[in-house]
Amino acid sequence: MDKKVRSILIIGASLCIPAIISILALIALHVMPFGEHTLVISDARALFVSDLSYFSRLVQGREGLLYSLESGIGMSQAGLVGGMLNPVNILVLLFDITDYASMYTWVITASIAVCGLTMYAFLARVRPASDVSNLVFSTSYALMGFNVAYCFLYSFLLPAALLPLVALGVRKVLWGERPWLYVASLSYALLASYYFGYMLCVASAVLFLMWYVEERGSMTPERRKRAWAAILVATACAGLITA
């Protein structure tokens with residue numbers, strides 16, 4: 001098989017396999033649209049279905065951009081706007097509002113699939129000679145307990161998908177490459193979720209320090225200085241872009 005075709009198939013598998021396993025689990029558990037149960041519970045019922053409904057109306061031109069995002073009792077909803085930045089939101093355009101319980105299932109499934117894709121992207125760059133094992137690990141990441149336990153908290157899955165990209169950005173900085181991926185992924189995470197954006201900032205600091213200590217002996221003094229300067233400036237840029 002041609003190497004390029006194989007690469008495309010593996011990348012597609014990193015996206016599709018978590019989705020297929022999730023769908024099989026949903027069928028077995030009789031979750032809508034495969035049964036009478038639903039993932040629209042707790043925060044999903046109280047918050048995210050309403051947000052996705054607003055997003056659908058906004059994209060269709062039936063809602064104004066100047067919507068106040070204030071609830072009836074005066075509590076600001078602006079912190080939830082970040083959930084609208086999830087690219088899988090486009091799925092809402094395929095569903096009528098009366099079928100949002102099923103729509104939410106597909107949004108969660110797609111979000112889990114994206115986690116598999118981004119983790120594979122990280123592993124393929126860090127471990128380029130291990131396609132099959134990378135696929136196993138990326139699928140395991142997508143189906144980790146965090147994603148399963150918090151599937152009713154739709155906004156939690158986007159930061160999980162962004163973490164591998166932030167980690168790859170940190171690796172690129174240590175390799176002496178340009179930090180554009182790190183800046184883009186971290187600023188997107190901060191904008192999409194102020195809480196988990198902060199947690200990804202902590203994660204990026206821990207990963208940088210861990211990998212720096214591990215590789216410090218093989219780095220020249222000049223490369224060490226460049227790595228520190230790059231990570232500090234890139235992190236500040238990500239925060240400023242979000243602000």
Side-chain angles (χ1 to χ4, degrees), residues 43-44 46-59 61 63-90 92 107 110-111 114-115 117-119 121-122 125 146-147 150 153-212 224-243:
D43 284 24
L47 301 172
F48 300 123
V49 168
S50 296
D51 293 342
L52 289 169
S53 175
Y54 166 69
F55 175 82
S56 176
R57 297 194 307 273
L58 179 66
V59 173
E63 194 70 70
L65 283 171
L66 300 180
Y67 179 66
S68 68
L69 293 169
E70 296 287 330
S71 64
I73 60 174
M75 182 178 66
S76 174
Q77 298 290 313
L80 300 174
V81 177
M84 298 179 191
L85 298 178
N86 192 331
V88 304
N89 284 356
I90 200 68
V92 304
V107 167
S111 297
V114 172
C115 288
L117 177 65
T118 57
M119 178 52 80
F122 168 78
R125 184 66 194 277
F146 178 88
N147 282 351
Y150 292 107
L153 288 168
Y154 148 78
S155 65
F156 281 23
L157 273 62
L158 178 57
L162 290 172
L163 176 57
L165 300 182
V166 172
L168 181 55
V170 172
R171 293 296 302 168
K172 283 176 171 286
V173 169
L174 285 166
W175 289 333
E177 300 181 22
R178 297 184 182 277
W180 303 129
L181 176 62
Y182 176 71
V183 173
S185 57
L186 187 58
S187 59
Y188 183 31
L190 287 166
L191 189 63
S193 173
Y194 63 90
Y195 175 74
F196 274 103
Y198 162 76
M199 297 304 293
L200 291 192
C201 286
V202 174
S204 65
V206 171
L207 289 171
F208 176 82
L209 290 172
M210 179 184 70
W211 285 325
Y212 176 81
R224 294 174 198 164
K225 292 178 183 178
R226 287 201 304 269
W228 276 104
I231 199 70
L232 291 173
V233 172
T235 301
C237 287
L240 290 171
I241 288 170
T242 306

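Residue numbers count from 1 along this sequence.
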Nearest heavy atoms of Val114 and Ala161, plus distance in Å: CG1-CB, 3.9 Å
Which atom of Gly169 lies closest to which atom of Leu181, heavy atoms considered: N-CD2, 3.9 Å
So, taking the atom named [atom1] in [X] and the one named [atom2] in [Y], what distance separates them when rounded to the nearest 0.5 Å?
X	Y	atom1	atom2	answer
Met119	Leu163	CE	CG	6.5 Å
Leu158	Tyr188	CG	OH	5.0 Å
Leu168	Arg171	CG	CZ	9.0 Å
Leu117	Phe122	CG	CZ	14.5 Å

Listed once per pair and sorted, the salt bridge (charged side-chain N to carboxylate O under 4.0 Å, His left out) pairs that draw on residues 174-195, sequence neighbours left out: Arg125-Glu177, Lys172-Glu177
Residue pair Leu200 / Leu186, side-chain heavy-atom distance below 4.5 Å: yes
Qualifying residues under side chain to side chain donor-acceptor pair (under 3.5 Å), relative to Trp180, sequence neighbours excluded: none
Main-chain N/O of Leu165 paired to Thr118 side chain as donor or acceptor, under 3.5 Å: no
Could you pull out all donor-acceptor pairs under 3.5 Å where a side-chain atom in residues 235-242 meets a protein atom, sequence neighbours excluded?
from, atom 1, to, atom 2, distance (Å)
Thr235, OG1, Tyr182, OH, 2.7
Thr235, OG1, Ile231, O, 2.7
Thr242, OG1, Ser187, O, 3.3
Thr242, OG1, Ala238, O, 2.9

Aromatic plane relationship, Phe156 with Phe146 - under 30° parallel, 30 to 60° tilted, over 60° perpendicular: parallel
Holding to side chain to side chain contact (heavy atoms under 4.5 Å, CB included), I want the full list of residues that pass it with [X], two or more places apart in sequence or in another chain.
X	result
Tyr198	Val202
Ala184	none
Ser111	Asn86, Val88, Val107, Leu157

Neighbour count above 12 (heavy atom, 6.0 Å) for Tyr212 OH: yes
